[in-house]
Amino acid sequence: MTDLLHIAGQKFHSRLMVGTGKYASNELMKESLAASGTEIVTVAVRRVNLEQPEESLLHYIDIHRYTLLPNTAGCHTAEEAVRTARLARAAGLSNWIKLEVIPNDGTLLPDPIATVEAAHQLVSEGFIVLPYTTDDHIVARRLIEIGCAAVMPLGSAIGTGQGLPNPERILRIIEEANGRVPVIVDAGIGSPSDASLALELGADAVLVNTAIAKAQNPIQMAAAMAKGVEAGRQAYLAGRIPKSPVASPSSPEEQKIGN
């Protein structure tokens with residue numbers, strides 16, 4: 001395949017990233033990751049025993065098979081997020097970081113000002129930063145200008161499964177990025193059709209956690225998400241027909257031949 005996902009100089013076949021939280025067991029998580037075909041796996045730094053990682057969640061993740069993307073989940077301020085990223089790198093987890101700065105206000109919406117602040121600091125320290133952000137194209141522009149390796153706007157609030165209620169906002173971010181960095185829709189995806197829509201719009205990838213982990217059959221849902229992502233990408237490349245206010249027959253009358 002030549003249609004690869006490019007992030008910070010690395011190439012990936014799968015456009016589905018998968019999170020590791022909320023599974024009923026670590027074994028179920030492991031099987032779901034395999035079924036998804038993902039190549040990038042996110043893990044909350046705070047869930048990893050940095051002193052003995054082999055005894056933690058990482059025991060169930062094949063780091064030779066997956067690219068590990070530590071995240072700063074649980075950090076409420078820019079300072080906390082920067083400190084957590086530094087700890088992850090010092091422990092040898094990765095130079096990549098999924099930046100999350102979410103105030104403790106119950107909404108689980110990212111703090112755009114603190115996110116920009118933390119991103120600026122981490123980029124200056126040589127991190128490969130993938131920030132989780134709002135669906136505001138102005139914030140996305142700033143993160144791109146700072147030097148982030150991608151932007152990860154929410155589809156809807158974390159864990160809601162509401163999909164993309166405002167696709168035009170995601171589209172605006174895609175237009176803002178203009179191919180300079182990947183746009184990865186993160187949070188709120190509830191079904192393969194949601195993931196497909198994100199890719200149809202032109203997003204480069206999606207990150208899914210709750211919709212897989214909390215499905216009645218997570219392994220089957222993981223496989224379904226992979227197919228949804230693939231279908232959406234193929235549809236985007238194929239180019240959908242424009243929407244029309246009037247009907248158009250699929251079998252038009254044959255034109256008369258001659259005079």
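Here, residue 1 is the first one in the sequence, and each next residue gets the next number.
- Residues in residues 140-149 take part in these side-chain hydrogen bond (donor to acceptor under 3.5 Å, both in side chains) pairs, two or more places apart or across chains: R141-E176.
- No donor-acceptor contact under 3.5 angstrom links the side chains of Q121 and E117, judged on distance only.
- Residue S196 holds its OG atom at 13.5 Å from NZ of K227, rounded to the nearest 0.5 Å.
- For A114 against A78, the heavy-atom pair with the smallest separation is O-CB, 3.5 Å.
- Follow the hydrophobic side-chain contacts under 4.5 Å out from V101 and you reach V129 in the same cluster.
- Here the closest non-hydrogen pair linking I102 and P110 is CG1-CA, 4.3 Å.
- With contacts defined as side-chain heavy-atom distances shorter than 4.5 Å, the pair K98/D186 qualifies.
- Side-chain contact between N71 and I97 is absent, with no heavy-atom pair separated by less than 4.5 Å.
- Side-chain contact between I158 and L109: absent, with no pair of heavy atoms (C-beta onward) separated by less than 4.5 Å.
- Separating the CZ atom in F127 from the CG atom in N95 is a distance of 6.5 Å, to the nearest 0.5 Å.
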For residues 27-36, please give each side-chain donor-acceptor pair under 3.5 Å, one per line with the distance, not counting sequence neighbours.
unit_1: S32; atom_1: OG; unit_2: L28; atom_2: O; d: 2.9
unit_1: S36; atom_1: OG; unit_2: L33; atom_2: O; d: 2.7
unit_1: S36; atom_1: OG; unit_2: T38; atom_2: N; d: 3.1

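- Counted within 6.0 Å of CZ on F12, heavy atoms from surrounding residues, nucleotides or ligands total more than 12; the atom is thus considered enclosed.
- The CG atom of D136 sits 7.0 Å away from the CD1 atom of I173 when rounded to the nearest 0.5 Å.
- One distance of note links OG of S156 with CG of L164; it measures 7.0 Å at 0.5 Å rounding.
- In this structure, T72 contributes its side chain and E100 its backbone to a donor-acceptor pair below 3.5 Å.
- In this structure, I212 is a member of the same hydrophobic cluster as V185, with clusters built from ILVMFWY side-chain heavy atoms closer than 4.5 Å.
- The shortest side-chain heavy-atom distance between Y23 and N209 falls under the 4.5 Å cut-off.
- Using a 4.5 Å cut-off on side-chain heavy atoms (C-beta onward), L99 and L122 make contact.
- A chain of hydrophobic side-chain contacts below 4.5 Å, direct or via other Ile, Leu, Val, Met, Phe, Trp or Tyr residues, connects V43 to V18.
- Here the closest heavy-atom approach between residue G163 and residue P165 is recorded as O-CD, 3.2 Å.
- Surrounding CD of E175 are more than 12 heavy atoms belonging to other residues, nucleotides or ligands, all under 6.0 Å away.
- Here the side chains of M221 and Q216 are not in contact, with every heavy-atom distance at 4.5 Å or above.
- Linking ILVMFWY side-chain heavy atoms closer than 4.5 Å, directly or via other members, places M225 and V183 in a single hydrophobic cluster.
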Salt bridge (Lys or Arg N to Asp or Glu O under 4.0 Å) between D3 and R15, intermediate numbers included: CA-CA 10 Å; D3 180 40; R15 293 175 180 272; 3.1 Å; yes
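- You'll find the side chain of C148 stays beyond 4.5 Å of the side chain of V181, heavy atoms only.
- M152 and L5 fall within a single hydrophobic cluster, where Ile, Leu, Val, Met, Phe, Trp and Tyr side chains are chained together by heavy-atom contacts under 4.5 Å.
- You'll find the side chain of Y66 stays beyond 4.5 Å of the side chain of E39, heavy atoms only.
- No more than 12 heavy atoms of other residues, nucleotides or ligands lie within 6.0 Å of CD1 in I113, so this atom counts as exposed by the packing criterion.
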Intermediate values then yes/no, side-chain contact (heavy atoms from CB on, under 4.5 Å), T67 and V41: CA-CA 6 Å; T67 293; V41 174; over 6 Å; no
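- Between the side chain of R180 and the backbone N or O of A177, at least one donor-acceptor pair lies under 3.5 Å.
- Using a cut-off of 4.0 Å between Lys/Arg side-chain N and Asp/Glu carboxylate O, R46 and E80 are scored as salt-bridged.
- The line from CZ of R89 to OG1 of T84 is 13.5 Å long, rounded to the nearest 0.5 Å.
- Within 6.0 Å of NE2 on H137 lie more than 12 heavy atoms contributed by other residues, nucleotides or ligands.
- Of the residues I40, T42, L16, L130, the one that meets the side chain to side chain contact (heavy atoms under 4.5 Å, CB included) test with L207 is T42.
- Shown here for L143 and P131, the closest heavy-atom pair between the two residues is CD1-CG, 3.7 Å.
- Scanning all heavy atoms of the two residues, the minimum distance from A198 to V206 falls at CB-CG1, 3.6 Å.
- Judged by distance alone, the side chain of D62 and the main-chain N or O of H64 form a donor-acceptor pair under 3.5 Å.
- Side-chain contact, D105 with T107: a donor N or O sits under 3.5 Å from an acceptor N or O.
- In this structure, L199 and Y236 approach most closely via the heavy-atom pair O-CB, 3.4 Å.
- If you take CG on L68 and CG on L58, they are separated by 6.0 Å, rounding to the nearest 0.5 Å.
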